[in-house]
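So the structure is just underneath, and the comments pick up after that.
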Amino acid sequence: MASHEDELQPPVGNGLESPFAVLSICPKGGLRGCNKAAASLLGACAEPAEEVVKRLLESMQAQGCQPGFAQSVTCRLPLKAGGTCDLSLHVCATQDGGTILGLADVTNLVEASEALRFTVSERERALEKALAAMREFLANMSHELRTPLNGILGMTDLLSITETTEEQRLYIGAVRRSGRDLLHIVNHLLDLSASERGLLTLRPAEFNLRETLAPVFESLLRLATEKGLGFEAVVQPETPNFLVGDAERLKQIIFNLGDNAVKYTRQGNVVIHVHPWTDADGPLAPGLPAAADGAHTLLVVQVHDTGPGVPPHKRDHIFDAFSLGEELLTKKHAGAGLGLPVSKTLAEMMGGSLVLASAGEDGTGSTFTCTVRLGTGKAPAPADRQAGRPGKEPALGSLQVLLVEDEDVSRIFAKVFLQKQGHQVDTAVNGLQALEMLAAKPYDVVLMDVQMPEMDGLTAAREIRAGKSGGDSEVPIVALTVFSSTEDRQRVKDAGMDEYLSKPVDAERLERALRRALARTRRAV
């Protein structure tokens, strides 16, 4: 019989031609025997056979491979000719406690896997860079699109309160409506993009449902009245009034649905009903939790119109982005087909759904049903309710306001707007100039744009709060910005600003923001 030493001599030629080798290991770990393919493999290795066997057994133990189980591990061995080979180890036990090792050369597979992993990693890094570039681009586009829109809408608002003829008022109204339509499209595009990238977020907080929805219903009533339509919006008495959720997103959903209903209805009426879910509403959508559990309420919003309905061939795609309820060449209504997909995404993020409940034809109308899962809030104490009643607050009076805004049109609009509210206004065009003016004169409040040259608003706010302005470090600061994501709001808060006001600005929102900012520093007048 040939000795093991003779059998382990490397053959002439490529020692790794055979793809499968078998080693027999004795219970104490020594090599008991092997086939020719294994001998060729061991002879080609840079280490002695005993060291190779030891290395193989250590790899098994390190990777948790136990003899007698259908397991396999991998091991990399150095070769005499240079380089390495990768082996796949298949293990089984013998009756006397030894081990049989089956070895397969998987060097090419490992190299291909590593190359693929590297390619995937490179693609992921490239994708991350592309997404970062897209985020920066969208943020810039948000600013670049909303800034001129803010100027257009602001100036038309100012024109509307000046002395004008009836014909001029007609033109001003048309410009304002067109500007607001464009702003809605821009907002929908940004929301859709954020949704596709997983960046659309919610900001839950306690809110008063009826007070929250009142301005939405007023806006929709105005739109319906302009078209000669009837309009009804009812929050059923049994609906909880104090809830927890993202009130702004809820308003966005309801406005989108109501605006669509008014837009597509030529005659008749639009009806909105809001109520907690009951068995009469039918089965819940698959995957939704129970309607109510004491801590949550499933709110139902039904929007019905007497419009032409949704054609059968459009119903399966009505929630697709850029899908329109009418043919492109014959469409009679403005819109990019983004309101419904964005609303559906928001409803699902809020633990609910949005469905086309009925889609009649020939004037029988459509009904959209939206459900959102909201937390149960607590009613404020009687004293708080009395203090917070609308219409009971005294006038703000004349404030000393520092307006920091670099864009000419926005600065002119905001200054005139504030002056018409009775405030005294000084202006600065960047954060550095604002710090100098705060050091020279006390102000009741600062309205600060976020994006500015030389020193941006966030940096200026941090400088003010750190006492580096030389003026009052506790002066109320209201951020003015076209950005509106949760991350943007958090950056504003982290910089020490008291309030956040997205452009375009209107009188009601500005006054509320000023009151909240002043109240935080006990300076309300």
Side-chain angles (χ1 to χ4, degrees), residues 132-154 183 186-187 189-191 193-194 199-201 203 248 401-415 417-418 425-438 443-466 468-469 471-506 509-514 516-518 520-521:
M134 183 183 293
R135 283 192 289 269
E136 185 177 350
F137 171 78
L138 286 172
N140 185 57
M141 282 299 97
S142 174
H143 185 272
E144 295 303 319
L145 290 172
R146 293 193 200 195
T147 295
L149 279 173
N150 179 56
I152 292 169
L153 293 171
L183 183 61
V186 170
N187 290 338
L189 281 169
L190 294 173
D191 281 344
S193 176
L199 299 178
L200 195 61
T201 54
R203 300 176 63 243
E248 292 302 315
V401 179
L402 175 58
L403 171 65
V404 191
E405 169 66 74
D406 67 304
E407 206 277 321
D408 291 342
V409 176
S410 295
R411 186 172 62 253
I412 294 170
F413 155 67
K415 180 176 181 179
F417 188 84
L418 288 163
V425 184
D426 292 333
T427 62
V429 296
N430 57 56
L432 289 174
Q433 190 176 1
L435 297 180
E436 295 173 357
M437 296 179 70
L438 283 166
Y443 290 94
D444 294 309
V445 66
V446 178
L447 296 181
M448 181 91 72
D449 187 25
V450 169
Q451 190 178 42
M452 294 181 293
E454 297 190 51
M455 179 183 285
D456 62 80
L458 300 179
T459 302
R462 286 191 287 266
E463 295 284 296
I464 293 169
R465 294 296 182 239
K468 296 180 180 180
S469 69
D472 182 6
S473 63
E474 298 298 323
V475 62
I477 305 175
V478 177
L480 292 174
T481 178
V482 295
F483 304 120
S484 58
S485 71
T486 300
E487 292 79 7
D488 296 320
R489 293 172 186 267
Q490 188 60 46
R491 283 197 293 269
V492 164
K493 181 179 179 181
D494 293 343
M497 295 182 167
D498 299 282
E499 276 299 319
Y500 180 104
L501 196 59
S502 59
K503 299 175 181 179
V505 179
D506 58 52
R509 291 172 54 241
L510 175 59
E511 181 165 337
R512 286 201 304 267
L514 289 174
R516 289 193 298 265
L518 292 166
R520 283 195 173 91
T521 51

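Since we're looking at a predicted model, the values are computed, not measured.
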For Asp426, check salt bridge (charged side-chain N to carboxylate O under 4.0 Å, His left out) against everything at least two apart and list the hits.
Lys441

Sequence-distant partners of Glu436, salt bridge (charged side-chain N to carboxylate O under 4.0 Å, His left out), two or more places apart:
none

Taking it one step at a time, do Leu435 and Ile464 satisfy side-chain contact (heavy atoms from CB on, under 4.5 Å)?
CA-CA 7 Å; Leu435 297 180; Ile464 293 169; 3.6 Å; yes

Measure from the side-chain N and O atoms of Glu463 to the backbone N and O of Thr459, and report whether any donor-acceptor pair falls under 3.5 Å.
no

Under 3.5 Å: donor-acceptor pair, side chain of Arg462, backbone of Ala495:
no

How far does [atom1] of [X] sit from [atom2] of [Y], to the nearest 0.5 angstrom?
X	Y	atom1	atom2	value
Met448	Leu458	CE	CG	9.0 Å
Asp449	Leu501	CG	CG	11.5 Å
Arg411	Glu405	CZ	CD	7.0 Å
Phe413	Leu403	CZ	CG	10.5 Å
Leu447	Lys415	CG	NZ	13.5 Å
Met455	Asn430	CE	CG	8.0 Å

Nearest heavy-atom neighbours spanning [X] and [Y]:
X	Y	result
Glu499	Val492	O-CG1, 4.1 Å
Ala434	Ala428	N-CB, 3.9 Å
Gly431	Ala460	CA-CB, 3.8 Å

Gln451/Asp406 under side-chain contact (heavy atoms from CB on, under 4.5 Å): CA gap, chis, key distance, verdict:
CA-CA 8 Å; Gln451 190 178 42; Asp406 67 304; over 6 Å; no

Check Asp498, Val404, Asp472 against Val446 for a side-chain contact (heavy atoms from CB on, under 4.5 Å) and give me the one that passes.
Val404

Does Arg491 come within less than 4.0 Å of Asp456, counting only side-chain N to carboxylate O?
no

Would you say [X] and [Y] make side-chain contact, with heavy atoms under 4.5 Å?
X	Y	answer
Met497	Val478	no
Thr427	Val425	yes
Tyr443	Leu438	yes

